[in-house]
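Okay, structure first, notes after.
Just so you know, these numbers come straight off a predicted model, no measurement behind them. Lettering of chains follows the sequences in order, A, B, ..., and the numbering in each one begins at 1.
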Number of protein chains: 2
Amino acid sequence: MSKSETTGSLRNKIAPIISYSLTDQVETRLLDLFKKEDLRSGDAVPKENELCEAMGVSRTVIREALTRLKTIGLIESKKNKGMILKEPDLLIGLDKLIQPKILSEETLQDMFEMRLVLEMGIAELIFARIQPKDIADLKAILKTEKNYPAVFEMDFEAKFHGRIYEIARNNTLMRFQSMLLPIFQYVHDKGMKLKQEELPKNYVTHALLVKAIESGNPEKYRDAMKRHLKVHFDRTIKIRKLITD
Amino acid sequence: MSKSETTGSLRNKIAPIISYSLTDQVETRLLDLFKKEDLRSGDAVPKENELCEAMGVSRTVIREALTRLKTIGLIESKKNKGMILKEPDLLIGLDKLIQPKILSEETLQDMFEMRLVLEMGIAELIFARIQPKDIADLKAILKTEKNYPAVFEMDFEAKFHGRIYEIARNNTLMRFQSMLLPIFQYVHDKGMKLKQEELPKNYVTHALLVKAIESGNPEKYRDAMKRHLKVHFDRTIKIRKLITD
DNA sequence: TTTATGTATTATGTATGACATATTTAAATG
DNA sequence: CATTTAAATATGTCATACATAATACATAAA
């Protein structure tokens with residue numbers, strides 16, 4: 001086709017025209033305003049009508065831009081009262097997005113690996129912040145795990161590892177990992193179900209992990225965790241190889 | 001005041017009434033629809049007018065709900081063409097939010113720690129996926145670091161560690177850490193500036209890290225990284241103690 | 001017949017005006 | 001002065017209209 005040839009050669013000479021919608025422009029102007037005025041969490045945002053007049057666009061556009069900022073948690077609007085700037089929640093919206101069905105296999109893989117990475121890297125924080133109650137709680141959880149590890153239940157996994165993250169006393173990190181649970185569940189259901197005979201020889205159980213926490217150090221704990229997660233590491237590394245080849 | 005007393009004691013007995021706005025309801029209905037219909041990335045979303053009629057609300061409300069979903073990257077709308085479901089970007093919006101000024105000290109602390117955690121936990125992926133070119137690139141970066149570590153430049157830090165993350169070949173992880181850079185920068189500028197005399201005795205430089213990658217294993221690398229990040233670990237642990245006490 | 005141009009349709013983007021509702025403020029009343 | 005009433009306020013919702021650009025189709029030129 002001559003058309004595609006033409007555009008093909010032209011593309012290097014002429015840059016495509018990008019048109020920012022009014023809403024786009026309003027959004028960036030709002031962000032600029034907040035930065036310029038150095039507004040902090042709790043400060044009031046100008047009224048919609050004031051913004052309309054100041055920027056010379058309809059309330060429709062202003063509201064759409066505001067809706068975006070509300071969606072990312074930067075603004076909170078109280079009905080009939082006004083809007084204030086909020087301390088944004090970095091993980092906002094994530095729970096709506098983490099649905100295995102709409103995420104690509106690659107992204108799922110990425111997130112699954114991130115969980116593995118966190119699980120390994122968290123050791124220093126754990127040993128820096130652990131308190132007696134943490135270990136007591138973990139032991140209590142162990143007792144509820146009937147027929148583990150012969151029977152692998154997602155519920156055990158979530159409760160146990162969730163409690164470990166709590167030790168690190170990093171709220172954002174904890175919430176992040178809890179959001180990753182559906183992905184872990186998905187990968188598990190998808191064929192990772194551990195039959196008893198597939199458990200590695202020196203498989204590290206939750207009980208052994210607790211022991212490593214109780215009387216170990218970051219290095220020992222990590223070694224235990226590495227073996228606890230071995231099948232997952234092996235699998236993700238194998239899969240990624242398949243994808244990139 | 002008797003009023004505040006009353007609400008105080010009643011709050012435990014009576015749950016507050018929560019009213020979901022029309023937009024809220026439309027949003028969840030849309031998400032339900034997508035899930036129910038098992039829509040995937042690329043599939044078409046019903047037209048605005050169809051949605052209006054189906055749900056019996058005005059286009060305004062429909063559009064506001066759609067705007068939310070566009071904001072989190074679940075939907076993409078092509079002007080005058082229609083809307084499609086998109087593979088959502090899990091990190092969307094994050095770049096707008098990561099501005100030290102609007103984040104609380106605690107969240108900044110959380111994110112800073114997450115970076116430390118990732119840096120430690122990434123070792124397994126690195127050694128599973130490293131290729132010759134990676135090491136060559138790292139060595140090339142080393143040569144550009146003039147007067148390091150005597151002079152600490154954020155730029156060095158970003159380039160070097162960014163390249164390390166690339167080795168793991170996890171796109172989401174890589175983008176995530178690059179978004180954390182402003183926070184690292186902020187914390188650094190805020191008083192973490194390493195004067196030469198403050199460098200720990202056996203400080204691990206970037207060069208030593210490369211060596212650990214080149215002829216080591218995950219454990220050795222982590223040991224090196226731990227010492228490389230020691231001042232940061234020490235500081236964040238000290239600070240968190242102050243906050244919680 | 002093929003190609004390029006003009007045209008109608010379509011769906012989102014934007015504007016305008018109105019009303020509902022709950023909060024706050026101010027006024028009025030006892 | 002305290003309490004109640006009324007008014008002003010700001011967001012949430014509705015309805016309608018038009019602008020604009022992508023697509024498909026029709027049409028004229030080669």
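Note on A/Thr60: a base of the nucleic acid sits closer than 4.0 angstrom, heavy atoms only.
Residue B/Arg163 places its CZ atom among more than 12 non-hydrogen atoms of other residues, nucleotides or ligands, all under 6.0 Å distant. Counting non-hydrogen atoms of neighbouring residues, nucleotides and ligands closer than 6.0 angstrom, the CZ atom of A/Arg29 reaches no more than 12 such neighbours.
Listed pair B/Arg63 / C/dG13 meets the phosphate criterion, a side-chain N or O lying under 4.0 Å from OP1 or OP2. For the pair A/Lys78 and C/dT24, the criterion of a side-chain N or O lying under 4.0 Å from OP1 or OP2 is not met.
Of the listed nucleotides (C/dT14, D/dT11, C/dT12), C/dT14 has the atom at the smallest distance from the side chain of A/Val61. Taking the side chain of A/Thr23 as heavy atoms from C-beta on, and the options C/dG13, C/dT14, D/dT11, the nearest nucleotide is C/dT14. Listed nucleotides D/dT13, D/dT11, C/dG13 differ in distance to A/Ser21; the shortest reach to its side chain belongs to C/dG13.
The distance from atom CZ of A/Arg68 to atom P of C/dG13 is 9 Å, rounded to the nearest whole Å. Atom CG of B/Asn49 and atom P of D/dA15 are 13 Å apart (whole Å). In this structure, B/Ile62 places its CD1 atom 11 Å from P of D/dT13, rounding to the nearest Å. Between the CG atom of A/Leu22 and the P atom of C/dT16 there is a distance of 11 Å, rounded to whole Å. Atom CD of A/Gln25 and atom P of C/dT14 are 9 Å apart (whole Å). One interatomic measurement links the two molecules: OH of A/Tyr20 to C1' of C/dT14, which rounds to 20 Å at whole-angstrom precision. Here the P atom of nucleotide D/dA22 and the CD1 atom of B/Ile84 are 15 Å apart, to the nearest Å. Atom pair A/Lys81:NZ and D/dA8:C1' shows a separation of 17 Å (rounding to whole Å applied).
Both A/Gly56 and B/Lys47 lie close to DNA chain C; mapped to their nearest nucleotides by heavy-atom distance, the more 5′-ward contact belongs to B/Lys47.
Taking CG of B/Leu116 as the start and CG of B/Leu180 as the end, the distance is 10.0 Å to the nearest 0.5 Å.
Residues A/His161 and A/Phe184 keep their aromatic ring centres 6.0 Å or farther apart.
In the interface, the side chain of A/Arg59 is not paired with the base of C/dG17 through any donor and acceptor atom under 3.5 Å apart. Under 3.5 Å, the side chain of B/Ser58 and the base of D/dA15 form no donor-acceptor pair of N or O atoms.
Closest non-hydrogen pair, B/Val117 versus A/Ile122, comes out as CG1-N, 3.7 Å.
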